[in-house]
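Chain identifiers are assigned alphabetically (A, B, ...) following the order of the sequence lines, protein sequences preceding nucleic acid strands; residue numbering begins at 1 within each chain. Reckoned from all heavy atoms, side chains included, excluding hydrogens, waters and symmetry mates.
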Number of protein chains: 2
Amino acid sequence: MATKSPDAQSLLTPAEVAALFRVDPKTVTRWAKAGKLTSIRTLGGHRRYPEDEVRQLLAGIPQQRS
Amino acid sequence: MATKSPDAQSLLTPAEVAALFRVDPKTVTRWAKAGKLTSIRTLGGHRRYPEDEVRQLLAGIPQQRS
DNA sequence: CAGGAATAGGGTAATTTGGGAC
DNA sequence: TTTGTCCAAATTACCCTATTCC
């Protein structure tokens with residue numbers, strides 16, 4: 001194939017996010033359920049998390065909190 | 001160098017769809033087999049996926065709550 | 001036609017989901 | 001209030017070879 005979209009890797013797996021935050025994948029799932037993390041689901045039901053959002057959270061940027 | 005049209009991206013290859021969903025190309029094939037994705041087959045048996053459908057799935061999956 | 005890269009297919013291991021409880 | 005771990009089931013990832021695509 002020739003047409004390669006510039007946007008390739010922008011989603012992270014639960015294990016990736018969990019490793020980044022040093023928590024269990026289960027905890028990441030809870031964050032997604034609580035609406036603290038934007039989650040995109042695969043057709044099989046697994047979640048994928050935007051890398052941009054995770055990076056912001058990792059950097060300590062409060063989203064909208066007093 | 002493959003001949004690519006400037007604005008004729010109607011079908012995506014398994015690798016493209018896999019990159020968009022951050023999954024394995026094999027997984028995309030399973031989605032097609034399961035009927036979750038509309039698949040167009042080439043004469044040789046390779047699958048091709050409509051970009052419109054893929055993008056809609058990426059952005060508009062019915063959000064499932066616990 | 002030849003060649004490199006990608007894809008299909010099957011099978012097995014690893015990960016993820018979901019809920020409830022401590 | 002939040003996090004980690006238990007369970008069972010489903011989904012996904014990686015291994016291989018042959019075929020197809022450009």
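Comparing atom distances between the B/K36 side chain and each of D/dC21, D/dT11, C/dA8 picks out D/dT11 as nearest. Here D/dG4 is the nucleotide among C/dG20, D/dG4, D/dC14 with the atom lying nearest to any side-chain atom of A/V23.
Rounded to an integer number of Å, the gap from CH2 of B/W31 to C1' of C/dT7 is 17 Å. What separates CG of B/L11 from C1' of D/dC22 is a distance of 16 Å, to the nearest Å. In this structure, B/L37 atom CG and D/dT12 atom P are separated by 11 Å, rounded to whole Å. For B/R48 and D/dC21, the CZ to P distance is 8 Å, given to the nearest whole Å. The distance from atom CG of A/L43 to atom P of D/dA13 is 12 Å, rounded to the nearest whole Å. To the nearest angstrom, P of D/dC16 lies 14 Å from CG of B/D24. Straight-line distance from the CZ atom of A/F21 to the P atom of D/dG4: 12 Å, rounded to whole Å. C/dA6 atom P lies 16 Å from atom CG of B/L12, rounded to whole Å.
Contact annotation: side chain of B/K26 to base of C/dG11, donor-acceptor pair absent below 3.5 Å.
Residue B/T27 places at least one side-chain N or O under 4.0 Å from the OP1 or OP2 atom of D/dA13. In this model, the phosphate group of D/dT12 is approached by a side-chain N or O of A/T42 to a distance below 4.0 Å at OP1 or OP2.
Projected onto DNA chain C by closest heavy-atom contact, B/R41 and A/T29 fall at different nucleotides, the more 5' of which corresponds to B/R41. Each of A/H46 and A/R22 was assigned the nucleotide of DNA chain D with the nearest heavy atom; the assignment lying further toward the 5' end belongs to A/R22. Heavy-atom distances to DNA chain C give each of B/K33 and B/P25 a nearest nucleotide, and the one nearer the 5′ end belongs to B/P25.
With a 3.5 Å ceiling on both atom-pair distances, D/dT2 lacks any Watson-Crick or G-U wobble partner.
Two residues are said to be in side-chain contact when any heavy atoms from C-beta on lie closer than 4.5 Å; A/L57 and A/F21 meet this criterion.
Between the side chains of A/S10 and A/E51, not a single donor N or O lies within less than 3.5 Å of an accepting N or O.
Using a 4.0 Å heavy-atom cutoff across all strands shown, B/R30 reaches at least one base atom of the nucleic acid.
Across every non-hydrogen atom of B/P50 and B/T38, the tightest pair is CD-O, 3.2 Å. Among all heavy-atom pairs drawn from B/V54 and B/Y49, the shortest one is CG2-CB, 4.1 Å. The minimum heavy-atom distance between A/E53 and A/K36, with the atom names listed, is OE2-O, 4.0 Å.
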